Asks: 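If you scroll down you'll find the structure; I have some questions about it.
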Amino acid sequence: MAAAAPIFRSSFLSSQPLSPTPSTAPRLTSYSPLSIRATATSPDPPAAAAKHRRPSNENIRDEARRHTSSHNFSAKYVPFNDPSSTESYSLDEIVYRSRSGGLLDVQHDMDALKKFDGEYWRSLFDSRVGKTTWPYGSGVWSKKEWVLPEIDGDDIVSAFEGNSNLFWAERFGKQFLGMKDLWVKHCGISHTGSFKDLGMTVLVSQVNRLRKMNRPVVGVGCASTGDTSAALSAYCASAGIPSIVFLPANRISMAQLVQPIANGAFVLSIDTDFDGCMQLIREVTAELPIYLANSLNSLRLEGQKTAAIEILQQFDWQVPDWVIVPGGNLGNIYAFYKGFQMCKELGLVDKIPRLVCAQAANANPLYLHYKSGWKDFKAVKAGTTFASAIQIGDPVSIDRAVYALKKSNGIVEEATEEELMDAMAQADSTGMFICPHTGVALTALFKLRNNGIIGPNDRTVVVSTAHGLKFTQSKVDYHSNEISDMACRFANPPTQVKADFGSVMDVLKKYLLSKNSKLH
Ligand SMILES: Cc1ncc(COP(=O)(O)O)c(C=O)c1O
Ligand SMILES: N[C@@H](CCOP(=O)(O)O)C(=O)O
């Protein structure tokens, strides 16, 4: 055992401020590097702690280089959900599909990871939260051994993404749903304002490595409804790698459009929908040395799965009952499943939550498939939806999503335009500022609460996938009552008032009276 164990050098560990305190010290086993850590990191007096500060002529990457660790963890591409297959590829190969044309999955050497018990992994991950140590200050790279174990820290491109807020939606839960334990995992509070950063740091880091290995990658490209393109262009710009984005013309928000433009991407605005752009980028990346950055590329999901691990970590490794995720191209629902399942398999938790995937009714191929009892899948022509980032009719990860939902006893729900916009307005009225996709997820929650499937005391997490500030036009339309065939029940339009004291007093008194009938 001892020979196979990873060796985190004691000098590195002693530079890590978070050592296990006696009360929380993990179980020490003969093979565990924590036995080194426990000795090497016993509380230092302040003067000794200062001794470990990095020299002023060194940056955090240099510092990490001095502290490299050796281990036996590895990962490779294998055909998705085909345990009998012997086909596999190194992550350093440029491959997106299996020989039969199916999806790929990143498979970790679970036997190597299992040499360490759940307590070890929990303590290791917990010890890295909130630090500025390269690259572990990132919520994604704090789980590096489970993400891209073999990449050199030098090749990593990171904005210290992840570690996103998981907050208690107290008033919304109580007022609208009669729930006590409702939480929102706000993946939109992130570098480029969506969960895509989690996957993109991994993909662009691997591209950085490939380019250093002189692999033929001139640029990185994606089709996008606005968030993947924002993340891709930001991470590529940070690494000095050209990025190319295919956007469906007039179908993404202005805030999303300006992101890749500002980051110097080559932006193609194409007169088709997302599915058309996706088809084109697949054809183009088969011909040109452009690396494909959509979630068809399973590397992305390795980063995105860390949001699930983070949820467990934030609940101190207690498992919520439900996790609700809005779905479009359907990579994320599988990423969540994979993160939860790895935590179970490696002994960090003993079960996984039930997953709910929520779709816009105007772009609902997964919902229709679910309702048909998972009979043959049919792509749809996606209609316009305020949840524009999930306006997708032919999701590339349909097989992954079905797998995740079946394995998690999951449910698929849908939201009409009116439902999702009302849910968004209701959430905003309790102090949130969510995106319409999160409105789709909240609609699913309303429906599952109303039919009693989700109980009042069920611990439930709604995944908020993007920042509301990217989608202000939809809120402006709603609150201006400017949406045809929509009652906009929760609209809160501004009151026009003349610039004189009397008029202002009149409207204010009327308002205050409506809020407090005791004021006469
Ligand atoms: C804001 C937002 N929410 C949800 C999704 C859906 O994620 P997925 O495509 O992985 O299903 C996307 C992208 O598709 C998105 O940009
Ligand atoms: N919402 C996505 C759609 C593409 O999804 P991906 O995860 O396959 O890149 C976007 O923002 O482009």
Side-chain angles (χ1 to χ4, degrees), residues 96 103 185-190 192-200 202-203 220-234 245-248 251-253 255-257 259-260 265 273-275 277-279 281-282 292-301 303-305 307 324-338 355-360 363-367 382 385-398 400-402 404-405 412 415 420 424 434-442 444 462-471 474:
Y96 315 117
L103 293 165
K185 173 69 172 165
H186 203 337
C187 296
I189 301 179
S190 175
T192 69
S194 86
F195 71 95
K196 305 286 180 176
D197 293 342
L198 305 176
M200 212 53 83
V202 176
L203 185 133
V220 191
C222 72
S224 184
T225 53
D227 290 323
T228 298
S229 43
L232 175 66
S233 52
V245 304
F246 287 14
L247 303 178
R251 286 176 169 90
I252 72 170
S253 76
Q256 290 172 307
L257 174 61
Q259 290 184 284
D273 56 10
F274 170 80
D275 297 300
C277 289
M278 189 70 224
Q279 181 58 35
I281 194 77
R282 281 167 73 165
L292 179 66
N294 283 102
S295 58
L296 174 65
N297 187 325
S298 44
L299 280 179
R300 280 263 314 278
L301 306 182
Q304 288 173 212
K305 80 182 180 197
I324 307 178
V325 185
N329 222 10
L330 299 180
N332 212 27
I333 186 76
Y334 175 69
F336 269 88
Y337 166 76
K338 191 170 183 184
L355 296 181
V356 178
C357 190
Q359 293 211 293
N364 63 353
L366 179 73
Y367 177 76
T385 168
F386 282 105
S388 53
I390 54 175
Q391 190 179 326
I392 297 173
D394 192 8
V396 298
S397 286
I398 181 68
R400 291 175 175 141
V402 172
L405 289 159
V412 187
L420 74 91
M424 178 169 81
I434 61 167
C435 70
H437 322 86
T438 308
V440 172
L442 289 176
V462 171
V463 177
S464 182
T465 44
H467 203 291
L469 285 171
K470 286 191 176 201
F471 300 93
S474 62

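In this text, all values refer to a predicted model and were calculated from it rather than measured experimentally. Remember, it's 1-based here, ligands and their atoms both numbered in the order they're listed. Heavy atoms only: backbone and side chains are in, while hydrogens, waters and symmetry mates are out.
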Asks: Of T228, N329, L247, which has the heavy atom at the shortest distance from atom 9 (O) of ligand 2?
Replies: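 Answer by nearest heavy atom: T228.
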Asks: Does only the side chain of Q304 get under 4.0 Å from ligand 1, or the backbone, or both, or neither? Count heavy atoms.
Replies: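 Neither part.
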Asks: Going by heavy atoms in the side chains, are R400 and L301 under 4.5 Å from each other?
Replies: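 Side-chain contact under 4.5 Å: yes.
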Asks: Within the structure, does G327 bring an N/O atom to less than 3.5 angstrom of an N/O atom in ligand 1?
Replies: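 In fact, backbone or side chain, G327 has no N or O that close.
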Asks: Run the numbers for me: atoms of ligand 1, each under 4.0 Å from some heavy atom of I390, listed by number.
Replies: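 In order of number, 4 (C), 5 (C), 6 (C), 12 (C).
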Asks: Looking only at atom types and distance, does a side-chain atom of N364 sit under 3.5 Å from a main-chain N or O of Q359, one as donor and one as acceptor?
Replies: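 A pair under 3.5 Å: no.
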Asks: So, regarding G328 and ligand 1 (criterion: nitrogen or oxygen to nitrogen or oxygen, under 3.5 Å), is there a contact or not?
Replies: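 Min N/O separation from ligand 1 is below 3.5 Å for G328.
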Asks: Against Y96, only a single residue in N297, N294, V396, L299 fulfils side chain to side chain contact (heavy atoms under 4.5 Å, CB included); can you say which?
Replies: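 Looking at N297, N294, V396, L299, the match for Y96 under the side chain to side chain contact (heavy atoms under 4.5 Å, CB included) is N297.
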Asks: Is it true that a side-chain atom of D227 and a backbone atom of S194 form a donor plus acceptor pair closer than 3.5 Å?
Replies: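 Answer holds: no.
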Asks: For ligand 1, which atoms, with element, lie under 4.0 Å from some heavy atom of G331?
Replies: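 Ligand 1 atoms under the 4.0 Å threshold to G331: 8 (P), 10 (O), 11 (O).
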Asks: Any nitrogen or oxygen of T225 lying under 3.5 Å from a nitrogen or oxygen in ligand 1? Just yes or no.
Replies: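 No, no N or O pair falls under 3.5 Å.
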Asks: Can you tell which part of N332 has a heavy atom less than 4.0 Å from ligand 1: side chain, backbone, both or neither?
Replies: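 Both backbone and side chain.
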